[in-house]
A.B. asks: 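The structure's right below; bear with me while I get my questions together.
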Amino acid sequence: MAPPFIFPRKIEDLERDEDEEEERLCAVSPPDITSLRSSHLEEFVKGLCFDLSDKELFCVEEQDVFDRVYSLVRNFSALTPSCKFNLVDSLRSNLSVLIPNVDSLSRAPPLPPQDEISPLLDRIVSHRNAFKIYTFFLLHIVLLEQSASQHANNTSKTAASNRKKNSGNLWNWEAQRARIVGLIANSLEINLAMLFGSSNPDENYLGYVVKNAFSMFENAALLKDSDTKDALCRIIGTCATKYHYLTQSCASILHLVHKYDFSVIHLAEAVALAEEKYADGSLAVALIREVGRASVKDYVRDTVGAENIGRFLVELADRAPKLMSTNIGILVPHFGGESYKIRNALVGVFGKLIVKAFKDIEGDVSSKSVRLRSKQAMLEILLERCRDASAYTRSRVLQVWGELCEEHAISIGLWNEVAMIAAGRLEDKSSIVRKSALNLLIMMLQHNPFGPQLRVASFEATLEKYKELLSEQEPSDGSILNEIQSNDNTIDANGEIDDATMAALAKEKPESATDSCLPYAGDGDVQRDSSVLNVGNLEHARALVASLEAGLSFSKCLSETMPILVQLMASSSVSDVENTIILLMRCRQFQIDGSEASLRKMLPLVFSQDKSVYEAVERAIIEIYIRKSSVETAKNLLNLFLDSSIGDLAALEFIVASLVSKGDISTSVISALWDFFCFNVSGVTAAQSSGALSILCMAAKSSPRILGSHLQDIIDIGFGRWAKEEPLLARAACIALQRLSKEDKEKLVLGYGSRVFGILKSLISGFWLPENIWYAAADKAIGALYYIHPTPEIFATDVVKSSFSSIFDSNEFTEKSNGVENVNTNIYFSVQVGKLSRYVFIVSHVALNQLVYIESCVREVRKQKARKGKLEADHDTAQVDCTTPDAPNELLNSFACTSTDADRGCMQENSINSELGLAASEDAKLDALAERAEKEIVSSSSVEKNLLGHCAPFVSKLCRNFGLMQKHPELHASAMLALCRFMIIDADFCESNLQLLFTVVDSAQSETVRSNCTIALGDLAVRFPNLLEPWTENTYARLRDPSPSVRKNAVLVLSHLILNDMMKVKGYINEMAILVEDEDERISNLAKLFFHELSKKGSNPIYNLLPDILGRLSNQDLVKEVFCNIMQFLISSIKKDKQMEALVEKLCHRFSGVTDAKQWEYISYCLSQLSFTEKGMKKLMESFKIYQHVLCEDSVMENFKNIIGKGKKFTKPELKSCIEEFEEKLNAFHADKKEQETTARNAQLHQQKVTSLEGLVTSGENTEDAEGHSSQVIDPSLEETAQVLNDKTQRSSVESDENSSVSSELTDSEIDSTEVRQPEILKTGKLKALKLNNVLKDGKGTVTSKSRSKSKQRSYSII
């Protein structure tokens, strides 16, 4: 019989040492196979495999066979693939046959005959040895191949390519590995009691198997093989549970969980599998106890391990929920730990347990009650954790509530409480929490138990009906409704309403379209069946009422969140915006009150610079309004257009043009819109027709040919009788004319030119449109005129004259037409104010469009020159053509005709000029012609002015008539707007009227006038920056206007100028900073947005502006809280550490330049708001001498204490000690300063007393003597007082009362007593004054007084 086999630490230990005495199976004389050739090696392996298959299974314990197997396994890596396969296959086959034989031993008769005991024991020993040998060699081969595969993954690319060439010769190791590990797992699952003599195998065998199984868990690639992974899980579970190898398994599992995150899920699966297979949860319980027993501080230090442990617990709770639920109390104390990752894991565990552990409750009533109480306790903990200090935990809790909602695990009783918590978390400071709250509300809407419609009016109507039904059933019980509201009987023990009640509620609720884009009735329409559902009994009625009340509360809760959701759409976090849009879409689908209006607030987000935000808005618009039938899509767009504001219309135009270009708005939708415009659809109103044309104009921005097919309809309907019913229709028609393509414009001029021009002239100079809409229509009509007319300046002249004739009497004007300046002013007062307002508007707008037209002509000339240059390669006959056939311009033609023959000759010799570098002169001449044309609009060098040149002085004089302007605000607004337009056109006119403009913008009573002028200042600053530069302070003064609209426009104008580098940031930026705390929230947000964008420019200009802003704000009379909020916001925009460090030094130096305690406090507050680095703290400590004199102020000292508190949190230990010393230094100096301040205050009081004494002395003497004695009394005392003050400052402490006969303080009672009794003491005149003088000159520096009634002496200290 062979000696026993013992598992070695390494395979080399199987060779016997010479001095070894222990009897064990060892390799005595293993053959050296490294020297064998490949063919001989294969013969050697085949011989061994033949012996293993031909002999008995336990022949492997024979010395010769064992030595050969040992030699091959030890040098396994040197074997060829075929040899490896044959060897492994033989060993595996023998073990697979041996396992049933071992299992049969356990089923042998318990008491064999006496003569068979010895052979049976020998057979068991042989089976045990063979079992161990096969297990050892196979596991060792697995480990060798695993190590070789890891080494192969780290080889070079060359080696990888070589492996690819030889890949055909490699054996399929993955399949062999799975079979081997699976076979070992099977061997552990049989009954090994007979083989090992006890229920548990020996430690040597189990330790080796478990150790290598856990080592294979460290290989992520190996775990990807499901068969191998399952076998490893079976090995671990069997050893730990069946064979009670528990302690070592727990330690190994926790080690792997802490170190290898990829093994967490598989280890949890192994633990759960062991509990399921053997009905023994000892391994899981031991692991849970080990986790619960760990210190909470350990998880704070090991964040990665804490995260892996958390994942393990969640996976274990998911796979073994009932086991985890019975042991969850061990983990609950970790909710109080500092590791948020563990808290997150426990929250996830609770979520899994609530869903799975309490779904099927079995057992008696008491056990059910206990488990329900456990579930309720978990739900309460989850509600409490929504207010966790960590944002990650709050977010995770909300995510778990969402999972519970998806699994329908939230009861009706908790539904509204969870909804209110989610709604409250929408205002959380953390974006991840807000994201989770939004997702939770989305999930609650999708899985709500109240029905497809959640309108408040519907719920209230239905609830009222059922309350009436209940009152009829129990009229005598007045407390029934209170019982319903607080009902506990209508809901079962789990908090759920029974199925019959919910079915009744669903039947009562009306059906609604599942598509979120379908329109729905208004909020005021209550669509309910008039009949009330016949409830079976009183309990069902109560449950139904309770559910209706819960649904009503849920609907109200969502409705109240609409303002918050609108704010979130303006959030800087992309996730906030995207999820808010999704939530609003779901709210609209379920008809939540206010969701439609809130959803329209997303339209301006199409201008967002973030692509994902724009795409979210685009997807929402497509889903809500576009993905319908063509007619329905057209209706949706019309409704959206009619309910939009001016800002929303700009966004709608952008998104419609984009959708048309992408094809999302199809041609069928365009045809449907034309049907609405042409009144081809029944019930169409004039407003809808106008809206349809406006949407078509938006679409034409990206596809101009859309309008070309309905030119006749645009003219007939847009300017026909419907335009009188809907004034905006004419304006929309004018816009349509401006959006025509080049071909359609030519077609319009040829076919309908005279008619269209006559209509436009009538619209501009006529009075058939109402006053409130005429200005907008005339604006677009003049623009359309300049776009489509071949010679717009000639036709515009006729329009201006026609307008003038319709306002003024033509005969009177003819008689006095020698000059508009000389016309009697009475004429101007004889016209109607409204007509005069229209006239100045027409004149100024024509002038502005003429300027735009000249610039467009110049651009067209340059384009033609560029095209000709490309077409004519030789450039010999190139000639500059100053006219454009597409847009003829008589004005430019006339200027071009004045060119000299020499100039034309130069143009014909273009090739020579190009070689000589003279081609640029042609551009200069073109610029000169354009400048001259622009100059001619308002003024010229000629004596005779043109038409608009005569009107400009008239408008200027009209605006200077302040009395007339005050009487007629509408005329004032129109005249000032005209003046600003003329100023924009001409620099000379602008310079001569700047004083008037700033006077009006500062003193005009109408905020409309001031707003228009403020906006015009921005245009003037762009066009004539040099002229506006001296008026910069006046421009900034608009930020102080009392009107919110003016301030808002001023913020917008200055933001545009500064952010686009059209105006330098002057020293008046503090005016913009004040608006950060403006009472108008919109202005405040605009100011904050300005500084936010300004901080992104260059190296953050706010860093350089901050000291100046601080100084200017300190000198203004601002509330302290306002100042602090402004500076805190500005400082928060500075992110760079170097800038923060430089600000520390700058702010410290400002202490020496100011003497006001208020400014000291403000500077120290700004210092306390900085983010201090180590360098910043060092600079602060080095600058101590600069600001030491301000430490006497308590408020300053508090700010410095805050700075020190910040510094202690981040600094290293060596610097922390310096900070503590600096803190002691500050406190000591502050105490000394306070003491000196008290002493100086006492000295001042004493000096006031001495002055009063001198006044009393001089009152009893003659004037001359009084002057002399006064000088003797005052001067020495003052000198002595000053000397004593100086000495006192230098002394570090005050002498004790025992060493001084004078008091160090002067009490109020003593002051009062002295002031009353002093006249009695000094009533003797000159003699008393001399004695007093001697007393004051006494070296002790004291003044003594004695009362007449009683000899009581008081002594006062001068200091």
A.B. asks: If the condition is side chain to side chain contact (heavy atoms under 4.5 Å, CB included), which residues does N86 pass it with, not counting sequence neighbours?
C.D. replies: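 By the side chain to side chain contact (heavy atoms under 4.5 Å, CB included) rule, N86 matches V45, C49.
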A.B. asks: Could you give me the CA-CA distance, side-chain angles and deciding distance for S369 and R373, then say whether side chain to side chain donor-acceptor pair (under 3.5 Å) is met?
C.D. replies: CA-CA 6 Å; S369 177; R373 284 199 299 269; 2.7 Å; yes
A.B. asks: Under the side chain to side chain contact (heavy atoms under 4.5 Å, CB included) rule, what do V60 and N94 come out as? Steps first, then yes or no, please.
C.D. replies: CA-CA 10 Å; V60 72; N94 281 13; over 6 Å; no
A.B. asks: Are V349 and M324 close enough, and set up right, to give a side chain to side chain contact (heavy atoms under 4.5 Å, CB included), and what steps lead you there?
C.D. replies: CA-CA 9 Å; V349 168; M324 179 66 77; 3.9 Å; yes
A.B. asks: Just verifying a value: how many Å separate R293 CZ and L331 CG, rounded to the nearest 0.5 Å?
C.D. replies: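 Answer for the CZ-CG pair, R293 versus L331, is 11.5 Å.
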A.B. asks: How close do C59 and V65 get, counting heavy atoms only, and between which atoms?
C.D. replies: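 Heavy atoms of C59 and V65 come nearest at O-CB, 3.6 Å.
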A.B. asks: For F262, does the CZ atom sit with more than 12 other heavy atoms under 6.0 Å from it, leaving out its own atoms?
C.D. replies: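 Counting neighbours around CZ of F262, more than 12 heavy atoms of other residues, nucleotides or ligands fall under 6.0 Å, so yes.
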A.B. asks: Take Q376 and L372, measure what side chain to side chain contact (heavy atoms under 4.5 Å, CB included) needs, and give me the verdict at the end.
C.D. replies: CA-CA 6 Å; Q376 187 63 29; L372 284 175; over 6 Å; no
A.B. asks: Kindly indicate whether the side chain of Q146, heavy atoms from C-beta on, has any atom under 4.5 Å from the side chain of R177.
C.D. replies: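 The answer is no; the side chains never approach within 4.5 Å.
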A.B. asks: Do we see a donor-acceptor contact under 3.5 Å between the side chains of H258 and D302?
C.D. replies: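 Distance-only check passes for H258 and D302.
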A.B. asks: Is there a side-chain contact between R319 and I265 in this structure, where contact means two heavy atoms from C-beta onward sitting under 4.5 Å apart?
C.D. replies: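 Heavy-atom side-chain distance check passes, below 4.5 Å.
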A.B. asks: Once side chain to side chain contact (heavy atoms under 4.5 Å, CB included) is applied, do any residues pair with L383, and if so which ones, sequence neighbours excluded?
C.D. replies: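 L383 satisfies side chain to side chain contact (heavy atoms under 4.5 Å, CB included) with W401, L414, E417, V418, I421 once adjacent residues are dropped.
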A.B. asks: Are any of the side-chain heavy atoms of I342 and L313 separated by less than 4.5 Å?
C.D. replies: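 No - every pair of side-chain heavy atoms lies 4.5 Å or more apart.
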A.B. asks: For R396 and L346, indicate whether the former's side chain and the latter's backbone hold a donor-acceptor pair under 3.5 Å.
C.D. replies: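 Not a single qualifying donor-acceptor pair exists.
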A.B. asks: Quick check: closest heavy atoms across L273 and C233, and the distance to 0.1 Å?
C.D. replies: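 Looks like CD2-CB, 4.4 Å.
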A.B. asks: How far apart are the closest heavy atoms of L91 and I141, and which atoms are they?
C.D. replies: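 For L91 versus I141, the nearest heavy atoms are CD1-CD1, 4.1 Å.
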A.B. asks: Given side chains that start at C-beta, do those of L139 and T135 come closer than 4.5 Å, heavy atoms only?
C.D. replies: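 In short, these two side chains touch, coming nearer than 4.5 Å.
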A.B. asks: Looking at I33 and F44, what are the two nearest heavy atoms and their distance?
C.D. replies: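 In terms of heavy atoms, the two residues are closest at CG2-CE2, 3.9 Å.
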A.B. asks: Does S249 use its side chain to pair, donor to acceptor, with the backbone of Y245 at less than 3.5 Å?
C.D. replies: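 Side chain of S249 to backbone of Y245: a pair is present.
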A.B. asks: Determine whether the aromatic ring centres of residues F335 and F350 are separated by less than 6.0 angstrom.
C.D. replies: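 Distance test on ring centres: under 6.0 Å, yes.
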A.B. asks: Between F217 and Y260, is the gap from one ring center to the other below 6.0 Å?
C.D. replies: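 That pair fails the under 6.0 Å test.
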A.B. asks: Is a side-chain donor or acceptor of K356 paired with a backbone partner of D318 at a separation under 3.5 angstrom?
C.D. replies: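 Looks like yes, one N/O pair under 3.5 Å.
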A.B. asks: Could I get the full list of side chain to side chain contact (heavy atoms under 4.5 Å, CB included) partners for D32, not counting sequence neighbours?
C.D. replies: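 Partners of D32 under the side chain to side chain contact (heavy atoms under 4.5 Å, CB included) test: T34, S35.
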A.B. asks: Is it the case that the ring center of H334 lies less than 6.0 angstrom away from the ring center of Y299?
C.D. replies: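 They qualify: ring centres under 6.0 Å apart.
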A.B. asks: Counting only heavy atoms not in K224 (residues, nucleotides, ligands), do more than 12 fall under 6.0 Å from its NZ?
C.D. replies: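 Counting neighbours around NZ of K224, 12 or fewer heavy atoms of other residues, nucleotides or ligands fall under 6.0 Å, so no.
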A.B. asks: Can any side-chain N or O of N129 pair as donor or acceptor with the backbone N or O of F5 at less than 3.5 Å?
C.D. replies: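 Checked: pair present.
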A.B. asks: Are any of the side-chain heavy atoms of R179 and R92 separated by less than 4.5 Å?
C.D. replies: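 Sidechains of R92 and R179: in contact.
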A.B. asks: Start with the C-alpha distance between R68 and D64, add both sets of side-chain angles, then the distance that settles salt bridge (charged side-chain N to carboxylate O under 4.0 Å, His left out), and finish with yes or no.
C.D. replies: CA-CA 6 Å; R68 285 186 288 168; D64 177 60; 3.2 Å; yes
A.B. asks: Verify, without hydrogens or angle tests, whether T326 (side chain) and L323 (backbone) share a donor-acceptor contact under 3.5 angstrom.
C.D. replies: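 Between the backbone of L323 and the side chain of T326 there is a qualifying donor-acceptor contact (under 3.5 Å).
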A.B. asks: Going through the distances and angles, do S282 and D280 end up as a side chain to side chain donor-acceptor pair (under 3.5 Å)?
C.D. replies: CA-CA 6 Å; S282 57; D280 184 0; 3.2 Å; yes
A.B. asks: Donor-acceptor pair, S395 side chain versus Y392 backbone, under 3.5 Å?
C.D. replies: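 Not a single qualifying donor-acceptor pair exists.
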A.B. asks: Is there a side-chain contact between K297 and E338 in this structure, where contact means two heavy atoms from C-beta onward sitting under 4.5 Å apart?
C.D. replies: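 Of all side-chain heavy-atom pairs linking E338 with K297, none is under 4.5 Å.
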A.B. asks: Taking the basic N atoms (NZ, or NE/NH1/NH2) and the acidic carboxylate oxygens, is any pair closer than 4.0 Å for K55 and E62?
C.D. replies: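 Here K55 pairs with E62 in a salt bridge, since their nearest N and O are under 4.0 Å apart.
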A.B. asks: Minimum heavy-atom separation for A78 and L41, please, with both atom names.
C.D. replies: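 Where A78 meets L41 most closely, the heavy atoms are O-CD2, 4.4 Å.
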A.B. asks: Evaluate salt bridge (charged side-chain N to carboxylate O under 4.0 Å, His left out) for K352 paired with E403, printing each intermediate quantity in order.
C.D. replies: CA-CA 9 Å; K352 298 294 184 182; E403 295 169 2; 5.1 Å; no
A.B. asks: Can you confirm whether more than 12 heavy atoms, excluding those of K211, are under 6.0 Å from its NZ atom?
C.D. replies: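 For K211, atom NZ is not crowded (no more than 12 foreign heavy atoms under 6.0 Å).
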A.B. asks: Any chance the rings of F131 and Y205 have centres within less than 6.0 Å?
C.D. replies: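 For F131 and Y205, the ring centres are under 6.0 Å apart.
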A.B. asks: What is the distance from atom OG of S263 to atom NZ of K229, rounded to the nearest 0.5 Å?
C.D. replies: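 That separation rounds to 12.5 Å.
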A.B. asks: How many angstroms lie between atom CG of D225 and atom CE of M216, to the nearest 0.5 angstrom?
C.D. replies: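 Here the rounded value is 11.5 Å.
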A.B. asks: Assess whether atom CD of Q63 is packed by more than 12 heavy atoms of other residues, nucleotides or ligands within 6.0 Å.
C.D. replies: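 It does: Q63 CD has more than 12 such atoms within range.
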A.B. asks: Scan side-chain atoms only and decide if N186 and R234 contain a donor-acceptor pair under the 3.5 Å cut-off.
C.D. replies: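 A donor-acceptor contact under 3.5 Å links the two side chains.
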A.B. asks: Given 3.5 Å as the limit, does a donor-acceptor pair link the side chain of S71 with the main chain of D67, or not?
C.D. replies: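 Side chain of S71 to backbone of D67: no pair is present.
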A.B. asks: Compare every heavy atom of L52 with every heavy atom of S90, then report the nearest pair and how far apart it is.
C.D. replies: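 Smallest interatomic distance, heavy atoms only, reads CB-CD1, 4.1 Å.
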A.B. asks: Please lay out, stage by stage, how F137 and Y70 fare under the test ring pair (Phe, Tyr, Trp, His ring centres under 6.0 Å).
C.D. replies: CA-CA 8 Å; F137 283 136; Y70 165 76; 7.1 Å; no
A.B. asks: Please tell me if the side chains of T80 and C83 come closer than 4.5 Å, counting only heavy atoms from C-beta onward.
C.D. replies: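 SC-SC contact between T80 and C83 confirmed.
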A.B. asks: Return yes if a side-chain donor-acceptor contact under 3.5 Å exists between S126 and E61, otherwise no.
C.D. replies: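 Indeed, the side chains of S126 and E61 share at least one donor-acceptor pair under 3.5 Å.
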A.B. asks: Tell me, do I133 and L25 make a side-chain contact under 4.5 Å, heavy atoms counted?
C.D. replies: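 Sidechains of L25 and I133: in contact.
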A.B. asks: Has the side chain of N212 got a donor or acceptor atom that lies under 3.5 Å from a matching backbone atom of Y208?
C.D. replies: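 Pair found, side chain donor or acceptor close to backbone of Y208.
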A.B. asks: Take K277 and E189 through the side chain to side chain contact (heavy atoms under 4.5 Å, CB included) test and state the conclusion after the steps.
C.D. replies: CA-CA 11 Å; K277 186 170 185 178; E189 293 175 351; 2.4 Å; yes
A.B. asks: Less than 3.5 Å apart, any donor N or O on the side chain of Y134 or S187 sitting next to an acceptor on the other?
C.D. replies: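 No donor-acceptor contact under 3.5 Å links the two side chains.
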A.B. asks: Within the distance-only criterion (no hydrogens, no angle test), does the side chain of N308 pair as donor or acceptor with the backbone N or O of V257 below 3.5 angstrom?
C.D. replies: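 Checked: pair present.
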A.B. asks: Between CE of M378 and OG of S325, what distance do you get to the nearest 0.5 Å?
C.D. replies: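 Between M378 CE and S325 OG, I get 6.0 Å after rounding to 0.5 Å.
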A.B. asks: Assess, by modelled atom type and distance only, whether the side chains of T393 and N344 contain a donor and an acceptor separated by less than 3.5 Å.
C.D. replies: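 Checked: T393/N344 side chains pair up, N/O donor to acceptor below 3.5 Å.
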A.B. asks: If you round to the nearest 0.5 Å, how far is CD1 of I180 from CD of E145?
C.D. replies: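 It comes to 9.0 Å.
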